[in-house]
Amino acid sequence: MRHPCGQPPHPSRETWQHGGVTAATHSPLFPRESDAGQIVTPPRDADAVLDGLDPEQREVATALHGPVCVLAGAGTGKTRAITHRIAYGVRAGILQPGSVLAVTFTNRAAGEMRGRLRQLGAGGVQARTFHSAALRQLQFFWPKAVGGELPRLLDRKVQLVAESSARCRIRLDRNELRDVTAEIEWAKVTQTVPADYPAAVAKSSREAPRDAAEIGQIYGMYEQLKRDRSVIDFEDVLLLTVGILQDRHDIADQIRRQYQHFVVDEYQDVSPLQQRLLDLWLGDRKSLCVVGDASQTIYSFTGATPDHLLNFRTRHPGATVVKLVRDYRSTPQVVHLANGLLNQARGRAAEHRLELISQREPGPEPVRTEYADEPAEAEGTARRIRDLIAAGVPAGEIAVLYRINAQSEVYEQALADAGVPYQLRGAERFFERQEVREAGAALRGAARFGGNDSLLDDVVELPSQVRAVLSTKGWTTEPPAGSGAVRDRWESLAALVRLAEDFVRAKPSATLADLVAELDERAAAQHAPTVQGVTLASLHAAKGLEWDAVFLVGLTEGMMPITYAKTDEQIEEERRLLYVGVTRARSHLSLSWALSRSPGGRASRRPTRFLNGLRPGSVAPGARGAGAEAGGPVERAGVARRKRRGPVLCRVCGKTLTDAGEMKLMRCEDCPSDMDEALYERLRDWRADQAQRLSQPAYCVFTDKTLMAIAEAVPGSSGELAGIAGVGSRKLDRFGADVLAICAGEECAEADRDS
């Protein structure tokens, strides 16, 4: 199966950085954002560690001997269970903190685990990703095992893959380059050498993005270039560590003397290479606890497999097995739908599915909505989100999740048109922004000078100190007008101010030095502060996160399951991906699909097969416990109105338009523009003034593309202006007179429209 367009790398690759390999020892607080503000006092003794655990979690916490397998469903408190298990063992004197190694797949998860362990009085336990633990060992033992310094670690392999393809005289476009890079990563974590790659692809029913022999050739050249330049890549960290531990029994014994107890989180995502490393760490001992859920295996394209989890009891016949099924995250309505999805699943993972039981009060029924076309779906989603925000749901607690990143553009546009702030998950990392680096340096300097810093004279409260320091970097109590770089910079600094406020609520005695240490640890784990905006993310990127309200969009055949999912195994992984999306929602859940791609197009699309039996009028053959009446009606939002519209044609060449941005401009991207440049600049100046008057970002008035469309069409009447995408009735009433006046070369009306 090819690397899907827009799909993020495996989570360990998405968040791992070189700076994340150093153990954090300073930060007193490293919670999830939803935990911010809670004051946590360490339990007084070992027995107190068990307080507040449900019976199954308590069983996990007290199972300290022999192999242990925890099958934990979504939202069942698995991190709570395993951290309390470690803490109970440490506080009871059964486990020595320095002898425990807990491994997971993201630095954020590892950081959260360390923070919880410190709160439970079990500081000193190592919690790391597979890669950071392996890299640390590799750096330490390389001089002894090989000699000299460890080769330099590549920051990004894609550039070397591009050079390798060029040397092989194989041309790759940007998408192919990304996909071939992913194929090399898959080959390495499955321990496949270049010569064996074509056979391995055929055996695994994997759809390569190019001819397998060509990829094997590029892979071989890539490895040769690495050797010539004495560099290693991300996957080599594991491969080389495995090699040293296999060849040098003295080094393996030294590591086994150090680490005697292992805990592995998200065990369903372990690759063959990671399992091999775990086996070498463990040796012939049995002190292993694994935690996972086969129904959340969604990274097989990176080499992850649930087989290690499913075969655990076979490999360890005497293992203690505990199931966590009490769902503390989602309402009964959301849980019912999630269970219904898995009731229809097939295959080995489905045989081990967990039937979740919600522990929350009832909430609203999931909403299912059918739209005429994709723009209508995006606009309808934006309206619902605006209504939720008006009802009191914070924008930061709302997410729009889709199958591939290419789907985001139309939702970005719709949210901007509706005046709803948003953030793209997977965009530039927070701690890599220039203003954040500058702010960190300023805070570090102020903490170093302490009371001798004149800027902080007579300023005692930590948030006030932070505001004083950041005011020198551009932070103000009120946001700047409009959007763009200035607004983005302010938002970054404001996020740091909010983090300081949350931090001091959780630890009232915190100093500026404590906050700087917290920022350092967050930067290492890429644990960015919450941004006050709706999250737009792919389903893969949403794994491990949760929101009050989740909108699952684009749920049509060909997108869910994705069109290139051919085999039964691939189809079932797509079902699990949707299951992960459903279980991200705490209370509000919306599922939607569009019958056609563009307005006026043929309504030939069908809702995803995964909703058969879970929406009215559909039946899931052989489904257990999922009837056609399940879950309430399907709304058909604006279908009749939009079906009467014809296809959107390019006004230059007459071609039918399908891209959201092209439909807004009413022309192909490549067709020549007849935009009135002077009019466009006048509209931009007017928009900036409006944004300042309304104290809103400029895109909340009109987006750049809407202004371009207006400058190209030069409407002369309200009807013509209303026909431009992005100009709804609300904006027509509010801004129509001004826009038409500007288009006519007249002065804008002075009427106050602030109310």
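Bear in mind that the values here come from a model prediction, so they are computed numbers and not experimental data.
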Return the minimal non-hydrogen interatomic distance between [X] and [Y], and the atom names on each side.
X      : Y      : value
Glu361 : Pro332 : O-CD, 3.5 Å
Ile298 : Asp269 : N-OD1, 4.4 Å
Glu266 : Phe105 : O-CE1, 3.1 Å
Gly123 : Arg118 : CA-CG, 4.1 Å
Gly396 : Trp547 : O-CD1, 3.6 Å
Arg256 : Leu282 : NE-C, 4.5 Å

Give, for atom [atom1] of [X] and atom [atom2] of [Y], the distance between the pair rounded to the nearest 0.5 Å.
X      : Y      : atom1 : atom2 : value
Phe141 : Arg136 : CZ    : CZ    : 10.5 Å
Asp548 : Arg586 : CG    : CZ    : 4.5 Å
Asp284 : Lys286 : CG    : NZ    : 8.0 Å
Leu354 : Leu342 : CG    : CG    : 8.5 Å
Glu185 : Phe234 : CD    : CZ    : 8.5 Å
Thr241 : Leu280 : OG1   : CG    : 10.0 Å

Do any side-chain atoms of residues 61-75 form donor-acceptor pairs under 3.5 angstrom with protein atoms, and if so which ones, sequence neighbours left out?
residue, atom, partner, partner atom, Å
Thr62, OG1, Arg58, O, 2.9
Thr62, OG1, Glu59, O, 3.4

Test your reading of the model: is there a side-chain donor-acceptor pair from [X] to the backbone of [Y], 3.5 Å cut-off?
X      : Y      : value
Ser358 : Ser330 : yes
Gln137 : Ala134 : no
Gln191 : Val189 : no
Gln246 : Gly243 : no
Glu112 : Asn107 : no
Glu573 : Gln570 : no
Glu56  : Leu324 : no
Gln57  : Thr76  : yes
Thr608 : Glu557 : no
Ser132 : Arg128 : no

Worksheet item: Checking side chain to side chain donor-acceptor pair (under 3.5 Å) for the pair Gln275/Tyr267: CA distance, chi angles, key distance, verdict?
Response: CA-CA 9 Å; Gln275 180 63 48; Tyr267 194 56; 2.6 Å; yes
Between the side chains of [Y] and [X], is the shortest nitrogen-to-carboxylate-oxygen separation below 4.0 Å, so that they form an ion pair?
X      : Y      : value
Glu546 : Arg329 : yes
Asp250 : Arg248 : yes
Glu351 : Arg346 : no
Arg576 : Glu572 : no

Do [X] and [Y] have side-chain heavy atoms sitting under 4.5 Å apart?
X      : Y      : value
Val103 : Asp265 : no
Ile86  : Leu117 : yes
Met559 : Tyr402 : no
Gln333 : Pro362 : yes
Ile357 : Val335 : no
His84  : Leu53  : yes
Tyr88  : Leu120 : no
Val264 : Val291 : no

Fill in: Residues forming a salt bridge (Lys or Arg N to Asp or Glu O under 4.0 Å) with Glu355, sequence neighbours excluded
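For Glu355, no residue satisfies salt bridge (Lys or Arg N to Asp or Glu O under 4.0 Å) once neighbours in sequence are set aside.
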Fill in: Residue of the set Leu337, Val553, Val367 for which side-chain contact (heavy atoms from CB on, under 4.5 Å) holds with Leu591
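The passing option is Leu337.
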Worksheet item: Is the number of heavy atoms from other residues, nucleotides or ligands within 6.0 Å of OH (Tyr328) greater than 12?
Response: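 Above 12, so yes.
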Discussion item. Surrounding CD of Gln258 (heavy atoms of other residues, nucleotides or ligands, distance under 6.0 Å), is the total greater than 12?
Written reply: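 Counting neighbours around CD of Gln258, more than 12 heavy atoms of other residues, nucleotides or ligands fall under 6.0 Å, so yes.
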Worksheet item: Between Ile398 and Phe551, is a side-chain contact (heavy atoms from CB on, under 4.5 Å) present by the stated rule, with each step listed?
Response: CA-CA 8 Å; Ile398 302 174; Phe551 290 78; 3.9 Å; yes
Item to complete: Kindly indicate, with the supporting measurements, whether the criterion side-chain contact (heavy atoms from CB on, under 4.5 Å) is fulfilled by Leu238 and His131.
Response: CA-CA 7 Å; Leu238 299 186; His131 287 84; 3.5 Å; yes
Worksheet item: When the ring centroid of His540 is compared with that of Tyr299, is the distance short of 6.0 Å?
Response: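 Yes, the ring centres sit under 6.0 Å apart.
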Practice prompt. Determine, stepwise, if the pair Val400 / Thr535 fulfils side-chain contact (heavy atoms from CB on, under 4.5 Å).
Written response: CA-CA 6 Å; Val400 178; Thr535 297; over 6 Å; no
Worksheet entry | Leu239: partners by side chain to side chain contact (heavy atoms under 4.5 Å, CB included), with sequence neighbours left out |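 Side chain to side chain contact (heavy atoms under 4.5 Å, CB included) check on Leu239 returns Lys188, Asp236, Leu273.
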In a table with atom names and distances, give each donor-acceptor pair under 3.5 Å that connects a side chain of residues 306-314 to protein atoms at least two apart or in another chain.
residue, atom, partner, partner atom, Å
Asp307, OD2, Thr305, OG1, 3.3
Asn311, OD1, Arg348, NH1, 3.2
Asn311, OD1, Arg348, NH2, 2.4
Asn311, ND2, Asp307, O, 3.1

Practice prompt. Scan for salt bridge (charged side-chain N to carboxylate O under 4.0 Å, His left out) pairs involving residues 80-96, sequence neighbours excluded, and state none if there are none.
Written response: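 Residue pairs with at least one partner in residues 80-96: there are none.
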Worksheet item: Mind checking what makes ring pair (Phe, Tyr, Trp, His ring centres under 6.0 Å) contact with Tyr259, not counting sequence neighbours?
Response: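 If we apply the ring pair (Phe, Tyr, Trp, His ring centres under 6.0 Å) test to Tyr259, skipping adjacent residues, there are no hits.
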Discussion item. Run Gln139 and Leu135 through side-chain contact (heavy atoms from CB on, under 4.5 Å) and show every step you take.
Written reply: CA-CA 6 Å; Gln139 290 170 327; Leu135 180 59; 3.9 Å; yes
